[in-house]
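Report on one structure; see the data block that follows.
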Amino acid sequence: MTQSDGIVKPKTKRSKRFLESRAPKLTEDVKTAMIMKGGNTSQTVTQALKDIYALKKPNAVLYKKKNITRPFEDSTSLEFFSKKTDCSLFLFGSHNKKRPNNLIFGRLFDFHVLDMIELGIDKFVSLSDIKLSKCPEGTKPMLVFAGEAFDTDNEHKRLKSLFTDFFRGPTVSAVRLAGLEHVLHFTALEGKIYMRSYRCLLKKSGCRTPRIELEEIGPSFDFTLRRTHLASDDLYKLAHRQPKALKPKKKKNISHDAFGTKFGRVHMQKQDLSKLQTRKMKGLRKRGGGVVSEDQDGQTAKVAKVES
Amino acid sequence: MAACSVEELLAKAEREEAEKLKSITVHKELDVEFDIGNLLACDKNRIESRDFRGQKKEDFLRSLARDNTQLLVNEIWKQPTERVEEAIVVKLPDSLTPLPREKPPPKPRPPTKWEEFAKLKGIQKKKKTNLVWDETAKEWRRRWGYKRAKDDTKEWLIEVPETADPNEDQFAKRVKAKKERVAKNEFNRLKNIARAQKIKVPGVGLTPTAQQSKDDLSKAVSVAKTSTASVGRFQDRLPKEKPPKNTGKKRKFEPLIGNFSNEKQKQLDMLKLMDSKKPKLDITKAVNKQMREEDREEAAAKYKKGAGKKGRKGNMPGKGKGKGGKGKGGKSGGGKFGGGKPVGGKFGGGKKRGKAGKH
């Protein structure tokens with residue numbers, strides 16, 4: 001973009017603010033998702049996109065019109081849209097004979113596709129199919145991944161990272177305990193991925209921690225993994241690089257041992273032992289004429305280790 | 001009944017406690033991993049597909065989800081809590097899962113040509129006040145912008161200087177001068193951007209300048225000469241014209257077959273060059289570098305010493321202002337110490353300053 005390079009100067013304060021909001025930042029904003037559909041979609045896919053939009057709502061853009069693109073073949077139009085709406089996550093739904101009920105989850109880095117994972121919907125229960133009270137919009141969900149595939153298989157690992165990125169919501173420093181009511185559970189089992197969304201009821205258990213009861217609120221999906229497009233290792237690494245300013249500064253002279261005990265290292269000036277006040281005795285009193293020879297007994301090491 | 005022993009009571013209490021905890025404890029073979037910063041849990045246990053098929057699918061998934069969520073909630077409830085406006089909030093630690101960034105981290109803006117120069121010379125930015133006293137209006141006014149002090153655009157009459165052409169429009173002249181200044185500034189800004197991005201700026205030989213030097217002219221001539229369809233091949237030379245300087249040379253290749261001894265000699269020379277690890281000393285470059293280094297050191301020393309001092313030091317020989325002298329008088333001690341630095345006669349700034357302090 002020529003504008004972000006600073007070649008075109010913003011002419012008004014408002015446009016300057018706008019460009020600043022788009023410019024790269026040290027601590028980034030929440031990733032927004034664009035949710036769009038391809039040339040042909042089935043009822044299932046359309047409803048699924050709507051439901052995921054409802055889960056993601058304040059940080060998502062739902063595209064109403066068709067966009068006839070195939071992300072796995074040509075991702076330029078996706079990159080264009082991401083630049084336009086400043087989104088770095090996308091969800092693309094399509095339906096055709098070869099790949100019925102198709103969802104593509106993906107994310108972008110620096111307006112280029114980083115990861116794309118294609119999932120086929122085998123079974124879908126909509127948010128509106130289940131008549132129960134839902135979670136309020138914008139609730140930060142608890143994410144749970146179950147199944148050993150998420151730890152062993154490379155594609156599943158990436159999928160886990162992608163889902164975490166997609167659904168985790170804003171990064172917050174604190175969360176209200178009573179507000180923890182939405183659980184997204186992903187289970188990898190027998191080559192399928194089961195995504196379930198539950199409302200979490202906190203019951204009294206007799207101690208401080210409540211007992212959890214879950215009730216399904218939808219949407220629930222049974223996914224099968226289809227095509228994937230994973231970023232190369234060096235690009236993936238580059239995308240993970242944290243700026244130096246964000247890394248915590250190393251504190252000098254403080255260390256911890258294996259048991260978590262804190263050690264402080266204190267640097268001291270060399271002590272002048274000739275001026276040391278010892279026990280006062282008549283015999284040791286300084287006399288005017290006599291010069292006491294400078295005592296040069298072994299001075300202790302400069303650095304003393306002090307446990308704090 | 002009164003004889004019921006202490007042990008019995010204790011055991012009963014323990015059992016009750018266990019009963020209470022039972023509702024919130026979940027046993028897993030492998031520990032579930034947590035990332036509380038993201039409210040994330042990852043259960044690596046193997047799921048028995050036999051259980052999955054045996055029970056109803058949804059019920060199995062829900063019970064699995066319940067157990068995992070219970071573990072996650074237990075972990076969340078262990079975090080430190082505080083009360084904010086009648087709501088109990090739990091403080092979340094930083095997230096542990098590394099997730100990719102949205103955009104690459106911002107790069108620091110590369111210094112402009114002026115900033116580089118200012119650093120070399122030790123020139124510091126100084127804050128100007130926003131309001132200045134306007135002598136004609138007898139009030140405080142903005143330095144810049146609307147209703148500024150000493151606004152020379154709003155004058156209705158301009159005196160024509162004696163040397164100027166009487167028919168020249170002085171108003172138009174001012175406007176033109178202002179436009180040129182703006183254009184120059186914009187040009188410099190673009191040059192800075194180009195320099196930062198390491199793009200070669202085209203047409204350096206033909207940029208209009210106020211006064212063209214001999215070099216500029218010769219450059220313009222050479223550019224004009226080569227700007228023909230045949231790239232200046234058939235252009236006539238002027239009498240006493242010098243060949244253009246700093247133009248690219250065409251690569252020339254040796255014939256593929258022929259002079260073997262020449263080729264051998266070349267290869268041997270190159271090997272010799274590679275073998276001797278002595279770097280070549282470029283005298284002019286080294287001298288320039290040394291001079292720059294000294295300049296920079298001096299600037300650093302000046303910066304350290306006169307941190308409170310404002311603006312340029314008025315130590316030009318012809319400028320004997322009272323204010324400048326006063327300012328230096330206070331600094332005379334510093335000047336003496338500063339002058340003690342072993343710099344060559346060329347950099348006599350420190351010494352001179354010391355003298356100025358004395359008289």
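This is a predicted model, so every value here is computed, not measured. Just so we're on the same page: letters track the sequence lines, and every chain starts at 1.
In this structure, chain B has no heavy atom under 4.5 Å from any part of A:Leu162. Only the side chain of B:Thr81 has a heavy atom closer than 4.5 Å to any heavy atom of chain A. With a 4.5 Å cut-off on non-hydrogen atoms, A:Pro210 touches chain B through its backbone and its side chain both. Heavy atoms closer than 4.5 Å to chain B are found in both the backbone and the side chain of A:Arg176. There is no contact between A:Leu89 and chain B, counting heavy-atom distances below 4.5 Å. With a 4.5 angstrom heavy-atom cutoff, A:Leu246 touches chain B only via side-chain atoms. Looking at A:Phe109, the atoms closer than 4.5 Å to chain B (heavy atoms on both sides) sit in the backbone and in the side chain alike. Within the 4.5 angstrom heavy-atom criterion, only side-chain atoms of B:Ile76, from C-beta onward, approach chain A. Proximity to chain B (any heavy atom under 4.5 Å) is shown, for A:Arg208, by both the backbone and the side chain. Heavy atoms closer than 4.5 Å to chain B are found in the backbone of A:Ala188, but not in its side chain. Contact annotation for A:Asp29: only backbone heavy atoms (N, CA, C, O) come within less than 4.5 Å of a heavy atom of chain B. In this structure, the portions of A:Ser161 lying under 4.5 Å from any heavy atom of chain B include both its backbone and its side chain. Contacts between A:Val183 and chain B at a heavy-atom distance below 4.5 Å involve the side chain alone, from C-beta outward. Heavy atoms of B:Asn74 lying under 4.5 Å from chain A belong to its backbone as well as its side chain. Both the backbone and the side chain of A:Leu177 come within contact range of chain B, each with at least one heavy atom under 4.5 Å from a heavy atom of that chain.
Closest approach of B:Thr69 to A:Met142, counting heavy atoms only: CG2-CE, 4.1 Å. A:Lys160 and B:Cys42 get closest at one heavy-atom pair: NZ-SG, 3.2 Å. Taking all atoms of both residues into account, the shortest heavy-atom contact from B:Trp77 to A:Leu180 is CZ3-CD1, 4.1 Å. Closest approach of B:Leu72 to A:Leu143, counting heavy atoms only: CD2-O, 4.3 Å. Contact detail for A:Ala146 and B:Asn68: the closest heavy-atom pair is CB-ND2, 3.8 Å. Scanning all heavy atoms of the two residues, the minimum distance from B:Glu58 to A:Lys123 falls at OE2-NZ, 3.4 Å.
Among A:Cys200, A:Ala178, A:Pro141, the residue with the largest count of heavy-atom pairs under 4.5 Å with chain B is A:Pro141. Chain B forms more heavy-atom pairs under 4.5 Å with one residue of A:Ala245, A:Ala149, A:Gly169, A:Ser173 than with any other, namely A:Ser173. Contact tally against chain B (heavy-atom pairs below 4.5 Å) for A:Leu108, A:Val175, A:Asp165: the top residue is A:Val175.
Using a cutoff of 4.0 Å between basic side-chain nitrogens and carboxylate oxygens, B:Lys44 and A:Glu148 are not scored as salt-bridged. The pair A:Asp110-B:Lys103 does not meet the salt-bridge criterion, since no charged nitrogen lies less than 4.0 angstrom from a carboxylate oxygen.
When A:Arg241, A:Lys237, A:His240 are each tested for a side-chain contact (heavy atoms from CB on, under 4.5 Å) with B:Pro100, only one passes: A:His240.
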- Check the pair B:Asp43 / A:Phe150 against side chain to side chain contact (heavy atoms under 4.5 Å, CB included), numbers first and verdict last. CA-CA 9 Å; B:Asp43 176 15; A:Phe150 280 125; over 6 Å; no
- Item | side chain to side chain contact (heavy atoms under 4.5 Å, CB included) between A:Glu215 and B:Arg62, intermediate numbers included | CA-CA 8 Å; A:Glu215 90 190 347; B:Arg62 185 184 302 157; 5.9 Å; no
- Message: Please evaluate residues B:Arg66 and A:Arg211 with respect to the criterion side chain to side chain contact (heavy atoms under 4.5 Å, CB included), reporting the C-alpha separation (whole Å), side-chain torsions for both, the decisive distance (0.1 Å), and the verdict.
- Response: CA-CA 10 Å; B:Arg66 197 215 79 82; A:Arg211 183 182 159 76; 3.6 Å; yes
- Criterion side chain to side chain contact (heavy atoms under 4.5 Å, CB included) on A:Lys140 and B:Leu39, from CA distance to verdict: CA-CA 8 Å; A:Lys140 191 173 163 76; B:Leu39 301 178; 4.0 Å; yes
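Using a distance-only test at 3.5 Å, with no hydrogens or angles considered, a donor-acceptor pair links the side chain of B:Gln70 to the main chain of A:Ile212. Checked by atom type and distance alone, the side chain of A:Glu28 pairs as donor or acceptor with a backbone atom of B:Glu102 at under 3.5 Å.
With rounding to the nearest 0.5 Å, the separation of CZ in A:Phe145 from CG in B:Asp35 is 11.0 Å.
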